[in-house]
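What follows is one structure encoded as structure tokens, with my remarks underneath.
No experiment lies behind these values; they were computed from the predicted model shown.
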Amino acid sequence: MNYVHAVRAEVTKITSTRIWWILAIIMIAYIALVAAGGGFLINAVARETPLGDVSVPRLVYSFSSSIGYVFPVLFGALAVTAEFRHKTLTPAFLVTPRRATVLWAKLTVLFVMGAVFGVLSLIAAVGPGALALSFGDTGTGLDQPETWLMFARILLAMALWAAIGAGLGVLVPSQVAAIVIVLAFTQFVEPILRAATSLADWASAVGRFLPGAASDALVGTSFFSITQPGGGEQLPWWGGALVLLAIAAITTAAGYFTSWRRDVN
């Protein structure tokens with residue numbers, strides 16, 4: 001019962017703050033703009049240059065995760081670091097002395113919230129994206145089972161990204177440091193590493209285990225993957241999921257045995 005009560009408490013804490021819907025609004029606007037513009041642009045390119053086996057509709061819809069993943073990971077990190085910053089972990093540990101139970105409850109709720117971000121990101125990508133695609137010859141792809149399977153994998157990817165953010169927040173309790181790490185890695189460090197590792201076969205074999213590459217593999221396609229100079233073989237979708245799950249587990253476990261078990265100052 002302690003776990004159930006802890007989950008309820010986490011739901012109340014998260015939904016009573018403004019950060020989740022502020023991030024959601026920004027994410028929806030951003031993805032909708034990119035999906036609409038990307039739909040028109042990729043349609044135009046596909047008319048002049050065949051994209052081979054690449055599904056144009058699924059490529060457009062994948063913007064929901066390929067550029068939207070930063071929002072659930074940032075939300076997960078903020079949700080945890082806010083507890084340290086505002087000292088709300090102290091009453092939580094008094095009500096539920098088993099700190100592992102509190103952590104599991106938080107991870108559960110943030111995992112589900114990541115899937116909610118996934119639903120919102122899909123709405124933002126599919127609506128404008130399908131409208132843009134309807135002006136071309138490729139179709140919307142919404143009548144294809146593969147498209148809907150990709151949607152399900154996007155939900156899983158976004159949920160895992162939220163868990164990774166939570167793990168990072170447990171490991172790095174400083175809110176400012178966590179934000180800097182998330183933005184620096186997702187917007188600068190990893191894109192540079194992925195571009196660099198795509199230049200050689202041996203490096204590409206290593207680069208596919210990077211978090212963003214694993215996420216693209218889980219989803220099945222992304223604009224970044226098809227524009228890499230060396231191409232390169234992706235992990236299977238389940239391999240990408242395991243990489244993200246491993247990152248979330250390692251960061252959470254490391255944080256649990258360091259900052260989470262210490263007294264809250």
Side-chain angles (χ1 to χ4, degrees), residues 23-72 114-162 186 191 194-195 198 204 208 210-241 243-244:
L23 284 174
I25 291 173
I26 297 172
M27 179 190 70
I28 291 171
Y30 180 37
I31 293 176
L33 179 63
V34 174
F40 284 113
L41 178 61
I42 296 174
N43 242 334
V45 171
R47 290 194 191 99
E48 303 296 330
T49 306
L51 298 179
D53 296 332
V54 176
S55 169
V56 172
R58 291 199 289 276
L59 182 60
V60 172
Y61 303 149
S62 70
F63 282 124
S64 60
S65 60
S66 63
I67 66 172
Y69 76 98
V70 67
F71 293 94
V116 171
F117 271 78
V119 172
L120 296 176
S121 72
L122 279 173
I123 293 173
V126 174
L131 179 62
L133 291 170
S134 65
F135 290 95
D137 302 324
T138 58
T140 63
L142 295 176
D143 57 340
Q144 299 174 1
E146 293 83 1
T147 301
W148 291 93
L149 286 174
M150 186 190 75
F151 291 168
R153 294 195 299 269
I154 286 174
L155 297 184
L156 176 58
M158 297 289 269
L160 287 171
W161 275 114
T186 60
R194 290 185 66 179
S198 67
S204 180
R208 62 182 183 162
L210 289 168
S215 180
D216 290 345
L218 169 56
V219 172
T221 186
S222 78
F223 185 76
F224 189 93
S225 296
I226 69 167
T227 55
Q228 290 185 82
E233 183 180 353
Q234 289 185 324
L235 294 170
W237 73 265
W238 53 266
V243 169
L244 295 182

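- At distances below 3.5 Å, at least one donor-acceptor pair connects side-chain atoms of Trp148 with backbone N or O atoms of Leu142.
- Side-chain contact between Trp161 and Pro211 is present, with at least one heavy-atom pair separated by less than 4.5 Å.
- With values rounded to the nearest 0.5 angstrom, Leu160 atom CG is found 12.0 Å from Ser65 atom OG.
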For residues 23-33, which side-chain donor-acceptor pairs fall under 3.5 Å, sequence neighbours excluded?
none

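- The two residues Pro128 and Ala124 have their closest heavy-atom pair at CD-O, 2.9 Å.
- Here the closest heavy-atom approach between residue Ala157 and residue Val219 is recorded as CB-CG2, 4.2 Å.
- Gln234 contributes atom CD, which lies 9.5 Å from atom OG of Ser204 (distance to the nearest 0.5 angstrom).
- One distance of note links CD1 of Ile154 with OH of Tyr61; it measures 11.0 Å at 0.5 Å rounding.
- Considering every non-hydrogen atom in both Ala125 and Ala35, the closest pair reads O-CB, 3.6 Å.
- With rounding to the nearest 0.5 angstrom, the OG1 atom of Thr221 is 5.0 Å from the CG atom of Leu59.
- Side-chain atoms of Ser215 never come within 3.5 Å of backbone atoms of Gly212 as a donor-acceptor pair (strictly under, hydrogens ignored).
- Summarising the geometry, atom CG belonging to Leu218 is positioned 5.0 Å from atom CG belonging to Leu156; distances are rounded to the nearest 0.5 Å.
- Distance check: Thr186 OG1 to Ile67 CD1 gives 12.0 Å after rounding to the nearest 0.5 Å.
- Ser121 has its side chain within reach of Met158: a pair of non-hydrogen atoms, C-beta onward, lies under 4.5 Å apart.
- When all heavy atoms are compared, the tightest approach of Ser222 to Ser62 is CA-OG, 3.6 Å.
- Shortest non-hydrogen contact noted between Asp216 and Ser66 is OD1-CB, 4.2 Å.
- Listed here is the closest heavy atom pair of Arg58 and Gln144: NH1-OE1, 3.2 Å.
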